[in-house]
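Everything below concerns the one structure shown next.
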Amino acid sequence: MENIEIARLLIETADLMEIGGEDSFRIRSYRNAAGAIESYPERIEDILKDPNRSVTDIQGVGKSIAGSLKELVERGSFPRRDEMLEKYPPTALEMLRIPGLGPKGVRTLWEHFRVSTLQDLERLCQEQKLQELPRMGAKLEEKILKGISHYRQSAGRFLLNYASTVSEQLCEYLGAVPAGSLRRGRETVGDLDLLTTNEQAIGKFLKHPQVHDVLGQGETKASARFGIEGLQVDVRCVPEDSFGAALQYFTGSKDHGVALRQRALKMGYSLNEYGLFRVKDDERVAGKTEEEIYTTLGLVWIPPELRENQGEIEAAEKGRLPELIELSDIRGDLHMHTRESDGRATLEEMAEAARALGYEYIAITDHSKALAMANGLDEKRVVEFAAQVREFNKEDRGIRVFSGLECDILRDGRMDLAEDALAELDWVVASVHGYMNLEPQEMTDRLMRAVESPVVKVFGHPTGRVLLHREPYHYDFDAVAKEAAKRGVLFELNASPERLDLHATLLKRAKALGCRFTISTDAHHPRHLSNMKYGVQMARRGWLTKDDVLNTRGLRAFTAELRK
DNA sequence: GCCGTTTTCGGCCCGACTGTTTTCAGTCG
């Protein structure tokens, strides 16, 4: 069992305990332990197997949870979880995912109506039965109905980081490579497509301890679910001569494949997952590698992230594909948090982790005071923090730290902190964290005002979406992007796997309008700095090159840009 | 439930908004 799955089960238990109205500090302990485990560099399962080690060495894991962890990896559950699942059906957790319903609401609905599925909840709202309960009304019913509809659209999909973790593990185990939407870098993944030439792989896959619910199995293909989360995995075994054709075929996208096959036909070829064949004599002319297929069709090889039939075939034909940004181009990370607000590490720890990644600089950007829950900084603390960073930089640490802030954009578009305090800082990210449901016009006015602020360097997570959970807020994107381009305010591509915001379509749009970008992780822990790869992959989906992204500049060039 | 003790029990995070309301509980971040 991977750490990420263990963490999920602990969080699920904490959610159920919350519905049960248990002691909030005990619940928090479970969440803390989950957070520590999720970001722990070693596998919990390996530590548990080692008689010379103890998981209680992990900050946040004590005796009780250590015992639960042992049971969890042995049998997939533990007593506290079993107990909670007896009281409340697991589907209640699904109701918790609906915005507007918290633990108390879920509990009330369960106790009054025995509602346990979204379907029942939906019917209840449609029949306006919620209004019979105290403190529930028509507006809530409406909000829940909307929430259910959004939730359904995203159900059954998985975040890229989870799918990548599973994919890496299985690929190593099987000697396979990923295809499908994971390879294209889609922000969510419905199922994993793995390809191999190893004939033993199918049998091996089915014997994997975390593989269950076999959906189909044959000589060359097996399909099953993986892990507690039930991610569907398809493994295909293909002959070596067809490997490139199969990789091309199963990487997709569907639209890209259709366009490519049409092109092949026009040129007298037929393309399928076994190869590229001449129509007149059925002779195979390509198939071992993707490159030879694309080349034979008069194209340069197209990076998987671009394969959406959005103009990439035409560009490849003319040799005008962009030279896409790569992870190794990144020289710094410009959005991260420390214990000053809601991060888990110190400035020194974040800087050291970034230095270890080979970065030349970072900006520390804790929250501002409007985010009281996160212990956001006020003017006084900002000034002190800027001084602390100057002090830090006096010694050569092998990395330069810039003093920054993720400053809230207030409801009316003003910055959360006074401009003279913000002017003390090197780097201000402006972000929306509240009043996300404004009317589009009001939201546009608000963001225009924020972008007009002379202290703002970059607009953070610009659509506000939280994948599988929250929809982006509505505003006139073009208007804000044009203004940002005019004033030299950058757009952030937030690399956190929960956000990946901006997404490909808007990246392309903003680039066309003259915008430039940063790619930053929004790390709340040193481990999160490695999420940069997901951001870069999204940037590639948005056709961005090294030049489009400010934090590909070396320290000297970046500093020069700051002074502009 | 965890942590850190001036060790074995006390502290751990809370402000703002919304609408369920007319004084405040529940949700969100």
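Since we're looking at a predicted model, the values are computed, not measured.
- Counting only residues at least two apart or on different chains, no ring-ring contact (aromatic ring centres under 6.0 Å, His included) pair has a member in residues 1-47 of chain A.
- Taking every heavy atom of residues 56-75 of chain A and every atom of DNA chain B, pairs under 4.0 Å involve A:Ile58, A:Gln59, A:Gly60, A:Val61, A:Gly62, A:Lys63, A:Ser64, A:Ile65, by number.
- A heavy atom lying under 4.0 Å from DNA chain B marks the following residues of residues 95-116 of chain A, by number: A:Pro99, A:Gly100, A:Leu101, A:Gly102, A:Pro103, A:Lys104, A:Gly105.
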Donor-acceptor contacts under 3.5 Å from residues 532-542 of chain A side chains, at least two apart:
| from | atom 1 | to | atom 2 | distance (Å) |
| --- | --- | --- | --- | --- |
| A:Lys533 | NZ | A:Ser530 | O | 3.4 |
| A:Arg540 | NE | A:Glu305 | OE2 | 2.9 |
| A:Arg540 | NH1 | A:Ile325 | O | 2.9 |
| A:Arg541 | NH1 | A:Arg184 | O | 3.0 |
| A:Arg541 | NH1 | A:Glu308 | OE2 | 3.0 |
| A:Arg541 | NH2 | A:Glu308 | OE2 | 3.3 |

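- Separation of atoms CE (A:Met443) and CZ (A:Arg411) is listed at 10.0 Å; rounding is to 0.5 Å.
- The CE atom of A:Met17 sits 10 Å away from the P atom of B:dC2 (whole-angstrom rounding).
- Separation of the C1' atoms belonging to B:dC12 and B:dT5 is 14 Å when rounded to the nearest angstrom.
- A:Asp408 has its CG atom 13 Å from the C1' atom of B:dC28, to the nearest Å.
- Atom P of nucleotide B:dG19 and atom CD1 of A:Ile144 are separated by 13 Å, given to the nearest angstrom.
- Here, B:dT18 and B:dT23 have their C1' atoms 14 Å apart, quoted to the whole Å.
- Nucleotide B:dG29 holds its P atom 17 Å from the CG atom of A:Asp416, rounded to whole Å.
- The base-pairing partner of B:dC24, taking Watson-Crick or G-U wobble contacts with both distances under 3.5 Å, is B:dG19.
- Pairs of residues two or more places apart, or lying in two chains, that qualify as salt bridge (charged side-chain N to carboxylate O under 4.0 Å, His left out) and include a residue from residues 452-474 of chain A are A:Glu187-A:Arg465.
- In this model, the phosphate group of B:dC28 is not approached by any side-chain N or O of A:Arg470 to a distance below 4.0 Å at OP1 or OP2.
- The ring-ring contact (aromatic ring centres under 6.0 Å, His included) analysis of residues 419-458 of chain A, with sequence neighbours excluded, yields the pairs A:His367-A:His433, A:Trp427-A:Phe558, A:His433-A:His461.
- In the model, A:Glu406 has a side-chain atom that pairs as donor or acceptor with a side-chain atom of A:Ser431 under 3.5 Å.
- Comment: A:Asp120 engages A:Arg123 in a salt bridge, judged by a side-chain N to carboxylate O separation of less than 4.0 angstrom.
- The CG-P distance, from A:Leu130 to B:dT27, rounds to 12 Å in whole Å.
- Remark: A:Tyr162 engages A:Phe158 in a ring-ring contact (aromatic ring centres under 6.0 Å, His included) (not counting sequence neighbours).
- What separates CD1 of A:Ile409 from C1' of B:dG29 is a distance of 16 Å, to the nearest Å.
- With P as the reference atom, B:dG15 and B:dG10 are 25 Å apart, rounded to whole Å.
- Partners of A:Ser29 under the side-chain hydrogen bond (donor to acceptor under 3.5 Å, both in side chains) rule, at least two apart in sequence or in another chain, do not exist in this structure.
- Pairs engaging residues 27-38 of chain A under the salt bridge (charged side-chain N to carboxylate O under 4.0 Å, His left out) rule: A:Asp15-A:Arg31, A:Glu18-A:Arg31 [sequence neighbours left out].
- For B:dT7, the O4'-C1' to base torsion is within 90° of 0; the nucleotide is therefore syn.
- The CZ atom of A:Phe517 sits 9.5 Å away from atom CD1 of A:Ile519, with the distance rounded to the nearest 0.5 Å.
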Check: Just by protein heavy atoms under 4.0 Å, how would nucleotides 7-16 of chain B read 5' to 3' in B, S and -?
Finding: -----BBBS-

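- The separation of B:dC17 from B:dG11, taken at their P atoms, amounts to 31 Å, rounded to a whole angstrom.
- Looking at which nucleotide of DNA chain B each of A:Met136 and A:Lys143 is closest to, the 5′-most match is held by A:Met136.
- Taking atom CG of A:Leu140 as the reference point, atom C1' of B:dC17 lies 15 Å away to the nearest angstrom.
- Comparing B:dT21 with B:dG26, their C1' atoms sit 13 Å apart, to the nearest whole Å.
- With sequence neighbours excluded, the residues that form a side-chain hydrogen bond (donor to acceptor under 3.5 Å, both in side chains) with A:Glu349 are A:Thr346.
- Going from the C1' atom of B:dC13 to that of B:dT8 covers 25 Å, rounded to whole Å.
- With B:dG19, B:dG1, B:dG29 as the choices, the nucleotide that has an atom nearest any side-chain atom of A:Lys139 turns out to be B:dG19.
- Residue A:Glu22 contributes atom CD, which lies 8 Å from atom P of B:dG1 at whole-angstrom precision.
- Among the protein residues, A:Arg80 comes within range of the sugar-phosphate backbone only, with heavy atoms under 4.0 Å from sugar or phosphate atoms but none that close to a base.
- Within the structure, salt bridge (charged side-chain N to carboxylate O under 4.0 Å, His left out) contacts touching residues 139-155 of chain A (residues at least two apart or in different chains) are A:Glu122-A:Arg152.
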